[in-house]
Amino acid sequence: MKKRLIASVLRIFILALFLIGIFSATAFGQTVEDPIFRINRLTVLVFMIIFSSAVLLYTTWARKGKKLFVRKIPGIDAVEEAVGRATEMGKPVLFIPGISDIDEIETIAGLSILGRVAKITARYDTPLSVPVRYPMILAAGQEVVEQSYIEVGKHDAYNSEIVKYVAGEQFAFTATVNGWMMRERPAANIYMGAFFAESLLLAESGNASGAIQIAGTARPEQLPFFIAACDYTLMGEELYAASSYLSREPLLLGGIKGQDFVKVIIIVAILLGVVLSSFGIGSWFVDLFRVP
Amino acid sequence: MDFWHRIMNIDRRWIYLLIAISVTFPMIVVMKFPVRVTPETRQLYDAINNLPDGSVVMLTFDYYPNAAAETEPMSVAALRHMFKKNMKVVTLSNIPLGGPTIAERITREIAAEYHKVYGVDYVNLGYKANYNAVMHGLANSIESIFPSDYTNTPLKDLPLMDSVRNYNDIKFIFVVADNATVDYWIQIVNAQYGVPVGAGVTAVVAPKMYSFVDAGQMTGMLGGMKGAAEYEKLVGHEGKAMRGMDAQSLAHLMIILLVIVGNIGFFVTRKKDSEKS
Amino acid sequence: MGDLTFIDHFQLWLRAYLILSLFSFLYRDNLFYRFSEHIFAGLSAGYYVGLIWQTVIIQQLVNPMIDNGDWWLVFPGLLGVLMFARLTRKWTWVSRVSLAFVIGNTAGIYLISSLHGLILPQMLSTMKAVNNSGSFSRILLAVVVIVGVISTLIYFYFSKEHKGILGATARVGIWFIMIAFGAHFGYTVMARVSLLIGRAQFLYYDWGTSIRQIF
Amino acid sequence: MRKTVPVIVAFLSGFVMVVSFFFNPERTFIGGGQEAVLQWVTIVSGFTLVLGVFSIVRVNARAVARRSKGWFYKLLTVVSVFAMAIPAMLPVSKNTVGGKIFFGIFPDNWGTLFGTGPSSIYDWLFTYVDQPMMETMFAMLAFFIASAAYRAFRARNAEATLLLLTAVLVMLWRVPMGEAFLRLFSDSFPQYINMFVMNGFNVAVQRGIIIGAALGAASMSLRIMLGIERTYMGKG
């Protein structure tokens, strides 16, 4: 393990040396009044190198299966509790993996949380319903749910009707799911993925049908409504952290860990800048961040 | 089913009726509460006003038709302000669904009012795909991205475009947007090419813009129909936005009332149910 | 609005019909709604075809090739046409180069603009919040902003359990987030109401004039 | 071969933008390269928009051919697509090659009906049919919010309570009638809302979210450029 670590650090060191070599070569062609290399943008280059090496290192560690700690998001407990309550009452669980297509990152995160929910409903034979809006998500959703039922050894309990294509058009999809909610009266509604304004109708009908509702989305303008209408809400990056905690998918995990590492640097830099400039001495430090 | 349970489960369509009434009633009975100007709107108005008359500015129509009720009054008020100061206006749109058509219609309407000549006082460049590439492309040369204007006239035949090659010839960019396009005008054009950017945005986008205004990346901002009404007041030409303020006020009060009654009902029924079980 | 010609009347009544046919969905899903809704979906799709034909194929490819002889524009045109391979199942891989060319370019733009255009300026103005604080309310504002930014960042920090100081800061963070989302809630309600006012204004003022002139 | 060439193209196309940020475009060959790459990207990106239209027409036409449920409405959609697209693509005047042939048959004054100019069918269909409907679809959201305000927005816990209280305050402050009501308490009350709620709490949280989101975008962009993230290419 140590040998590979040295190899990757060496590679980054050579890359950095190579980049600095180019830039110093252009320095000779550099004249103050008409520079080839923009010295005043050096901070961005340093920041980019730190950021890139952090994300790449964590991604390669995640790929090698190195133990990377990500805290458990409280939202996951709330999801497990809600599905547990539905099992006790023998009522179905409704899961909607967002209403936009497979190319949205939020939809992919929603599907990984669906995998977890499907494992629980499979174990306790709780009826599960997953209405979707696009054919691509129908295929991906069935794959995820079937995989969960197999892992829990309940492959016979799995039927392809769990994940079903309802409608393509926004309002038709919402109206159909609302009708189903009023008839079936699910005990737990879980909305994880990208949602738009008319999804308010879903939360409202779910509230009226007396279900526990848990939502998760990254769009800032939808979050306030979900917080007010649902029992628990996963906010913005929490959705991605929850799905990476569950799926341990290397790319997502590496990304989150790399970003967390840089977040610490940013917090420390801001605090340092605030302390220095409150004593009026840190202008050289603060000016580092002023890049034309 | 006592009073509160029935109130809590009334048909959703009664609430729709309440909102419809609270929006149309103020048009019959006009109440005219004063519209006060917020500092962000003042900052944008002054930024345009302090520019010398006749300077070249860019006005963008980066909004889909569905938010036109908030953004169209902003474009109209901005155009009136610019034409009143005899500014040369270059307009374009980064929205593939309706953006250039709305830009063409509004600029021709307002330009006719101020007797402006197309090609000399204003030019509509229309739409090109991929707004990130367009924003960087205009820094090199406008003609590399827009060989001709919206109605297929080559830029060579438009006198105004001889003196406007790229961002160095543009004094201010007034972005009117209802989506993230305005973020990229800030983080690409203002950050890398130093062109001052001010924006009129829908109320959904406005909260995020406060951090750009606070950081000095954005010079002033209009937020939603209220922002448009304030700008109309400053330009001195009452438009659709100011006329809508009373209806906006009444609708807000109605929704606040609904939230309060809904919550009272929620707590009362919950107490009753817990006593019963 | 002056007296309206027949065409003005027709256009106003047509728009009023379309608007009311869609609003009828609020009462119940019905024939009129579905009729208008499907026309709307088709027209919006057709708009793209007309726009791209004029702005890309004619203005960026055909005219420059014929008028200024830029024959090398054939290459981007070819890359663009290759994109249609995505419609077939077997040949999708052919479109990968064009897709990679566009998405790679956007990735390069975002990598720089995220770091240089967003993170650095926002960090800078948080640090500078301290020195433009003269009166007491200004100092209080600076404290609110600095504490808010730090606690929000820590709330979205996932590499350590939220316990001890970290937990306390995250708790402060959630309060700041709730106030900010409350403001965003109010603004979003304002936006949706304005759109309805726009429709009501059209029906009451524009269509109303037409009705008053006819009857 | 099917994966390595696109990855190299993605890297080069992105690298040009990164390098031209650090180097002065006029003084180096990068400047010309960047201008050409950007021009090409706008051209190629245009075609992606039309892809969606082809798949809509294909799906609906197939449903009409099979007379599946609601096929008449799907026929309407397909007809509307062509009603909008065909006139826009026809030539406008005689001076183009296609124009000479077309206007050999049809009368000249029809020219203004075609293309996408202010007097064309395309412009009329959009302004008087498409736009009103689009505005109405989004105006309906005001009704949904009102009914949700009554039946779903509950102060069920401390956080939701704080959110609803701030929302009510901002909704009052943001309208003339509400602002007049707030002035009854103290004349500078609205001013303090603008300062502390919007320029204080809101700016702080939005800034935290902007930094978080920017880190996410930068890390996704880095992985695309280096070919680690390839889901956009699809399987196979």
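Proteins come first, then strands; the chains are lettered A, B, ... in the order of their sequence lines, and each starts at number 1.
For chain C, the option among D:L51, D:L172, D:V37, D:T161 with the highest count of heavy-atom pairs below 4.5 Å is D:L51. Of the listed residues (C:L73, C:T55, C:I109, C:L78), the greatest number of heavy-atom pairs within a distance under 4.5 Å of chain D belongs to C:I109. Ranking C:L118, C:V49, C:I154, C:I103 against chain D, the residue ahead of the rest is C:I103, based on heavy-atom pairs under 4.5 Å. Interface remark: of the candidates D:A88, D:S120, D:S221, D:A160, D:S221 forms the most heavy-atom pairs closer than 4.5 Å to chain C. Note: D:I43 leads D:I43, D:N202, D:L141 in heavy-atom pairs under 4.5 Å with chain C. Of the residues considered (D:I210, D:V170, D:L163, D:L222), D:L163 shows the highest number of contacts with chain C, using heavy-atom pairs under 4.5 Å. Chain C forms the most heavy-atom pairs under 4.5 Å with one residue out of D:A142, D:G216, D:G212, D:A146, and that residue is D:A142. Considering only heavy-atom pairs separated by less than 4.5 Å from chain C, the leading option among D:R58, D:M220, D:K74, D:Q206 is D:R58. Among C:V149, C:I197, C:V56, the residue making the largest number of heavy-atom pairs under 4.5 Å with chain D is C:V149.
Here the shortest heavy-atom pairing between C:F35 and D:Y73 reads N-CE2, 3.9 Å. Across every non-hydrogen atom of D:M195 and C:L141, the tightest pair is O-CD1, 3.4 Å. Looking at every heavy atom in both residues, C:L79 comes nearest to D:V44 through CB-CG2, 3.8 Å. Taking each heavy atom of C:S36 and D:M133 in turn, the nearest pair found is O-SD, 3.5 Å. A pairwise comparison of heavy atoms in D:A167 and C:F185 identifies CB-CD2, 3.4 Å as the closest pair. The shortest heavy-atom contact between D:M225 and C:G108 is SD-CA, 3.6 Å.
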Between D:F143 and C:L26, does the side-chain contact (heavy atoms from CB on, under 4.5 Å) criterion hold? Intermediate values first, please. CA-CA 8 Å; D:F143 291 109; C:L26 293 171; 3.2 Å; yes

Show the numbers, then the answer: is there a side chain to side chain donor-acceptor pair (under 3.5 Å) between D:R207 and C:S125? CA-CA 10 Å; D:R207 196 162 280 166; C:S125 68; 3.1 Å; yes

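For D:E159, the CD atom sits in a packed shell: over 12 heavy atoms of surrounding residues, nucleotides or ligands are nearer than 6.0 Å. Atom CH2 of C:W91 sits in a sparse spot, with 12 or fewer heavy atoms from other residues, nucleotides or ligands closer than 6.0 Å. Around the OH atom of D:Y192, the shell of radius 6.0 Å holds no more than 12 heavy atoms that belong to other residues, nucleotides or ligands. Other residues, nucleotides and ligands place more than 12 heavy atoms under 6.0 Å from the CZ atom of D:F196.
In this structure, the portion of C:Q54 lying under 4.5 Å from any heavy atom of chain D is its side chain and not its backbone. Looking at C:S21, neither its backbone nor its side chain comes within 4.5 Å of chain D, counting heavy atoms on both sides. When heavy atoms are compared at a cutoff of 4.5 Å, C:S114 approaches chain D by way of both its backbone and its side chain. Only the side chain of C:I174 comes within less than 4.5 Å of a heavy atom of chain D; its backbone N, CA, C and O stay farther away. In this structure, the portion of C:F10 lying under 4.5 Å from any heavy atom of chain D is its side chain and not its backbone. Proximity to chain D involves both the backbone and the side chain of C:S98, based on heavy atoms less than 4.5 angstrom apart. Contact annotation for C:I52: only side-chain heavy atoms (C-beta onward) come within less than 4.5 Å of a heavy atom of chain D. C:S113 does not touch chain D: none of its heavy atoms, backbone or side chain, sits under 4.5 Å away. Contact annotation for C:V144: both backbone and side-chain heavy atoms come within less than 4.5 Å of a heavy atom of chain D. Heavy atoms closer than 4.5 Å to chain D are found in both the backbone and the side chain of C:L87. Interface remark: D:V197 contributes side-chain atoms only to the contact with chain C (heavy atom separation under 4.5 Å). Proximity to chain C (any heavy atom under 4.5 Å) is shown, for D:Y128, by both the backbone and the side chain. Proximity to chain C (any heavy atom under 4.5 Å) is shown, for D:F82, by neither the backbone nor the side chain. Of the two parts of C:I112, only the side chain, counted from C-beta on, holds a non-hydrogen atom closer than 4.5 Å to a non-hydrogen atom of chain D. When heavy atoms are compared at a cutoff of 4.5 Å, C:F202 does not approach chain D at all. Looking at C:L31, the atoms closer than 4.5 Å to chain D (heavy atoms on both sides) sit in the backbone and in the side chain alike. Only the side chain of C:L61 has a heavy atom closer than 4.5 Å to any heavy atom of chain D.
At distances below 3.5 Å, at least one donor-acceptor pair connects side-chain atoms of D:Y122 with backbone N or O atoms of C:Y47. Between the side chain of D:T77 and the main chain of C:H38, a donor-acceptor pair closer than 3.5 Å is present. Side-chain atoms of D:S13 come within 3.5 Å of backbone N or O of C:N105 as a donor-acceptor pair. In terms of modelled atom types and a separation under 3.5 Å, the side chain of C:Q122 and the main chain of D:I211 share no donor-acceptor contact.
The aromatic rings of D:F201 and C:F176 are tilted relative to each other, their planes meeting at an angle between 30° and 60°.
No side-chain N or O of C:R86 forms a donor-acceptor pair with one of D:T48 less than 3.5 Å apart.
Considering only heavy atoms from C-beta on, C:R199 comes within 4.5 Å of D:E135 through its side chain.
D:F54 has its ring centre less than 6.0 Å from the ring centre of C:F84.
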